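Everything on this sheet refers to the single structure shown next.
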Amino acid sequence: MPGDLLNTTMPLLVAATEGADEGLSPLVKVVPGLMIWTILAFGVAMLVLKKYAWPPITKMLDERQQLINDSITSAEKTRSEADLLLADYRQRLTEAREQADEIISRARKAAEATKSEATSAGQEKREELVEAARRDIEAETRKALEDIRKEVANLTVLATERVTRKSLTEADQKQLVEEALREVDFSSLAGDRNN
Amino acid sequence: MNRRWYALATWLTVTFGALFAPVSAFASEVEFSPDDEFALPPWIEINIFGIDMSINKAVFYIFLATVLTVAVVSLVARRMKVRPESRSQTTVELAYSLMKDNITDGNLDPKMAARWFPFIGTLFLFIWFSNMVGYIPLPVNTEHTMNIAGLEIPSFALYAATANISMPLVLTFVVWISYHVEGIRAKGLVGYVRGWVPAGVEGFMVGPILVIEVISHLVRLISLSVRLFANILAGHLLLLFMGGGLVILLGLGFVGSTILGLATGVLAVAFFLFEIGIVATLQAFIFCTLTAIYLDGAVAEEH
């Protein structure tokens with residue numbers, strides 16, 4: 001069988017590659033008509049492609065190139081804008097923070113001032129109240145002593161009448177008692193209240 | 001996505017079904033000769049000034065590749081958006097980037113790249129579409145017909161214009177002439193030819209070196225064209241033999257044919273994917289990259 005294979009195919013292949021045999025020439029025969037058709041077809045294809053294929057492709061690629069360039073440019077622009085904006089915001093943030101700190105410290109000072117003011121005002125008020133109270137007490141004390149004095153004078157007049165069965169004129173008696181009482185020292189009493 | 005896979009699977013099944021068809025038909029003793037697959041019987045006979053310009057299978061494939069190149073790229077290009085919305089745009093952009101950035105700008109200085117991109121770009125697409133349509137089975141084998149619903153239609157076959165030496169050769173001619181013209185335009189005829197001799201070579205050695213350089217330029221005509229042609233032809237021959245051709249040629253009987261058919265069929269699928277996935281694009285890429293390199297070499301200051 002291999003012999004058959006060789007006998008049938010080898011001459012064919014050899015002839016095909018050498019192309020010398022007139023009988024097998026279709027494989028390697030140069031055909032002028034075909035060459036002319038090829039040139040014509042190729043020429044037509046080249047002209048048509050030159051007119052209808054390459055220009056739109058080139059145009060599209062140029063447009064794409066332009067689009068990419070534009071995109072890059074606008075992206076760079078956007079980015080630098082963003083950078084500026086960011087720096088601006090950072091600065092504003094810093095300023096805001098400083099302002100906030102200042103406000104806080106000012107508020108703190110104000111609070112302290114208010115507090116100390118309030119404290120001193122309270123102190124004054126208290127002192128005032130204490131003073132007023134003291135004055136009231138002194139006035140009341142004085143009044144009370146006056147009352148006591150009068151009461152003692154009256155009682156003394158009565159007591160003297162009982163003892164002497166004689167009555168002085170009321171005016172005489174009062175004058176006598178008042179003179180006597182003036183000599184009595186009530187200061188110790190008032191001093192006790194004071195202390 | 002699923003629907004696409006179904007479509008692909010169906011297509012492959014039909015393809016290889018058609019290729020395997022002779023396996024069941026080998027008993028009918030149809031004379032099968034592989035080179036018939038590459039024969040070019042005229043479909044419409046045209047003769048201009050004694051040159052046979054008949055429309056045949058290869059011409060049809062060239063037209064097909066031209067129409068696809070022009071239509072696909074132009075239509076997608078027309079609907080291109082700055083923000084891609086379709087996969088077709090992404091694909092064309094990918095191809096454009098390959099042609100522009102990689103092949104053209106990667107090998108030529110900006111001025112040369114701008115001047116030669118339309119040529120190199122068209123060359124790439126033209127060769128790529130030629131290669132790719134070559135892997136779509138089409139009813140183009142007018143030597144054999146098949147009967148479908150009472151209609152005699154040509155058998156499905158794989159063919160590629162690039163699998164015929166004429167097409168790569170004439171493209172190579174265009175490239176070859178182009179780069180020489182560029183070289184002469186840049187340096188003048190004398191300067192260009194003198195540029196072939198490396199700096200430092202003097203005296204009696206100039207002659208032989210010049211001869212070698214001339215030969216090397218002439219060899220480029222063959223190397224550039226045959227690289228493309230032979231790769232595509234080899235792929236098609238492999239697919240032809242693996243996809244049933246071998247089974248018919250050997251005629252091993254029912255059991256042997258079945259075993260061989262299954263084994264080669266699996267290989268055929270593998271080769272098919274390899275050709276579509278790598279060879280078709282790679283060869284177009286190499287052809288155009290070399291074109292750019294030749295153009296650059298022609299105008300470069302230092303050789």
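Just so it is clear: chains get the letters A, B, ... in the order the sequence lines come, proteins before strands, and each one is counted from 1. Predicted model, so just to flag it, every value in this text is computed and none were measured.
- Annotation for B:Arg79: atom CZ does not count as buried by contact number, only 12 or fewer foreign heavy atoms lying within 6.0 Å.
- For residues 36-45 of chain A, heavy-atom neighbours of chain B at less than 4.5 Å comprise A:Ile36, A:Trp37, A:Thr38, A:Ile39, A:Ala41, A:Phe42, A:Ala45, sorted by residue number.
- Proximity to chain A (any heavy atom under 4.5 Å) is restricted, for B:Phe173, to the side chain, taken from C-beta onward.
- For residues 50-70 of chain A, heavy-atom neighbours of chain B at less than 4.5 Å comprise A:Lys50, A:Tyr52, A:Ala53, A:Trp54, A:Pro56, A:Ile57, A:Thr58, A:Met60, A:Leu61, A:Glu63, A:Arg64, A:Leu67, sorted by residue number.
- Of residues 107-126 of chain A, no residue lies under 4.5 Å from chain B by any heavy-atom pair.
- Between the CG atom of B:Asn164 and the CE atom of A:Met35 there is a distance of 9.5 Å, given to the nearest 0.5 Å.
- Between chain A and the residues B:Phe63, B:Phe126, B:Phe117, the largest count of heavy-atom pairs under 4.5 Å involves B:Phe126.
- Between chain A and the residues B:Val226, B:Leu169, B:Leu75, the most heavy-atom pairs under 4.5 angstrom are made by B:Leu169.
- Heavy-atom distances place the side chain of B:Val92, and not its backbone, under 4.5 Å from chain A.
- Residues meeting the ring-ring contact (aromatic ring centres under 6.0 Å, His included) test with B:Phe129, sequence neighbours left out: none.
- Both the backbone and the side chain of B:Leu123 have a heavy atom closer than 4.5 Å to some heavy atom of chain A.
- When all heavy atoms of B:Val70 and A:Leu49 are compared, the pair lying nearest together is CA-CD2, 4.1 Å.
- Contacts between B:Val174 and chain A at a heavy-atom distance below 4.5 Å involve the side chain alone, from C-beta outward.
- Counting heavy-atom pairs closer than 4.5 Å to chain A, the top residue among B:Glu93, B:Gln89, B:Arg78 is B:Glu93.
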